[in-house]
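If you read the sequence from its start, that first residue is 1, and numbering goes on from there.
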Amino acid sequence: MLTPILSTPLKSNRSVATIAMLAAVLGLSACQTAPTSPVMQRANSTYETTGLGKTKVIAQQNALASAKRSCGIRQPIVLTNSVKYNGLLDERTGRAVDQVGSVIGAVLGAKAPNLNRDDDYEYTINFRCQ
């Protein structure tokens with residue numbers, strides 16, 4: 001008769017432990033997917049950060065997201081910006097290869113090779129928080 005009384009708290013303890021473990025895993029995986037860029041403080045209350053991405057737009061979004069996180073409730077005001085391409089091929093050749101690969105893949109049913117990397121574009125901004 002003691003076995004049913006003891007097994008009930010053990011089952012509830014297992015459930016609590018399982019829920020806590022799932023919450024920890026989900027919390028850590030959410031932190032892992034957010035892109036982070038270092039923000040450096042410069043003279044006259046200005047800051048600098050660089051966003052990386054497969055495309056110019058993604059790199060811009062990453063840099064601006066980093067600036068927004070750095071400014072908190074204030075708004076980042078971009079003072080200067082620059083874009084640098086670091087791809088395997090030059091920009092035009094890379095686009096042409098991607099387009100040709102997509103056409104061949106559609107005709108033959110094969111997957112086109114992806115030459116883009118997560119750090120092909122660097123978008124550097126200098127900003128101030130206001």
Side-chain angles (χ1 to χ4, degrees):
M1 286 194 170
L2 292 176
T3 307
I5 295 172
L6 290 176
S7 66
T8 304
L10 289 176
K11 285 183 183 178
S12 66
N13 287 342
R14 283 185 188 163
S15 298
V16 170
T18 302
I19 290 171
M21 189 179 309
L22 285 173
V25 168
L26 289 175
L28 290 175
S29 67
C31 293
Q32 194 174 29
T33 59
T36 58
S37 300
V39 176
M40 296 175 283
Q41 186 168 5
R42 300 290 186 196
N44 300 328
S45 299
T46 61
Y47 301 90
E48 180 180 311
T49 189
T50 301
L52 302 174
K54 288 181 183 182
T55 65
K56 190 183 305 185
V57 172
I58 292 172
Q60 289 172 340
Q61 289 172 343
N62 289 340
L64 292 173
S66 181
K68 286 179 183 178
R69 277 192 308 274
S70 178
C71 287
I73 60 172
R74 299 182 303 171
Q75 291 294 322
I77 306 299
V78 177
L79 304 172
T80 61
N81 61 5
S82 64
V83 177
K84 182 179 175 186
Y85 181 71
N86 299 319
L88 182 63
L89 305 168
D90 71 333
E91 263 183 291
R92 289 185 184 198
T93 305
R95 286 184 191 160
V97 169
D98 283 343
Q99 289 174 350
V100 169
S102 296
V103 170
I104 291 173
V107 171
L108 300 177
K111 185 177 178 184
N114 188 2
L115 299 177
N116 297 336
R117 295 184 345 212
D118 288 338
D119 61 351
D120 277 353
Y121 287 90
E122 288 182 25
Y123 184 70
T124 302
I125 58 173
N126 290 312
F127 63 98
R128 175 176 289 141
C129 298
Q130 287 186 342

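Applying the salt bridge (Lys or Arg N to Asp or Glu O under 4.0 Å) criterion to R74, with sequence neighbours excluded, gives no partner residue. Every residue was checked against the side-chain hydrogen bond (donor to acceptor under 3.5 Å, both in side chains) condition with Q60, not counting sequence neighbours, and none meets it.
Transitive grouping of hydrophobic side chains (ILVMFWY, heavy atoms separated by less than 4.5 Å) brings Y121 and V78 into a common cluster. Y47 and L64 end up in the same hydrophobic cluster when Ile, Leu, Val, Met, Phe, Trp and Tyr side chains are linked at under 4.5 Å.
In this structure, NZ on K68 lies 7.0 Å from CD on Q75, to the nearest 0.5 angstrom. Rounded to the nearest 0.5 angstrom, Q41 CD and T49 OG1 are separated by 13.0 Å.
Applying the ring pair (Phe, Tyr, Trp, His ring centres under 6.0 Å) test to residues at least two apart or on different chains, none of the pairs has a partner in residues 53-73. Applying the ring pair (Phe, Tyr, Trp, His ring centres under 6.0 Å) test to residues at least two apart or on different chains, none of the pairs has a partner in residues 50-81.
Here the shortest heavy-atom pairing between G51 and A63 reads N-CB, 3.5 Å.
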Throw together a table of side-chain donor-acceptor distances under 3.5 angstrom for residues 122-130, partners on residues two or more places apart or in other chains.
unit_1 : atom_1 : unit_2 : atom_2 : d
E122   : OE2    : N86    : ND2    : 2.7
Y123   : OH     : N81    : ND2    : 2.8
T124   : OG1    : T50    : OG1    : 3.1
N126   : ND2    : T80    : OG1    : 2.7
R128   : NH2    : N44    : O      : 3.1

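In this structure, S66 and V39 have side chains that are in contact, with non-hydrogen atoms separated by less than 4.5 Å.
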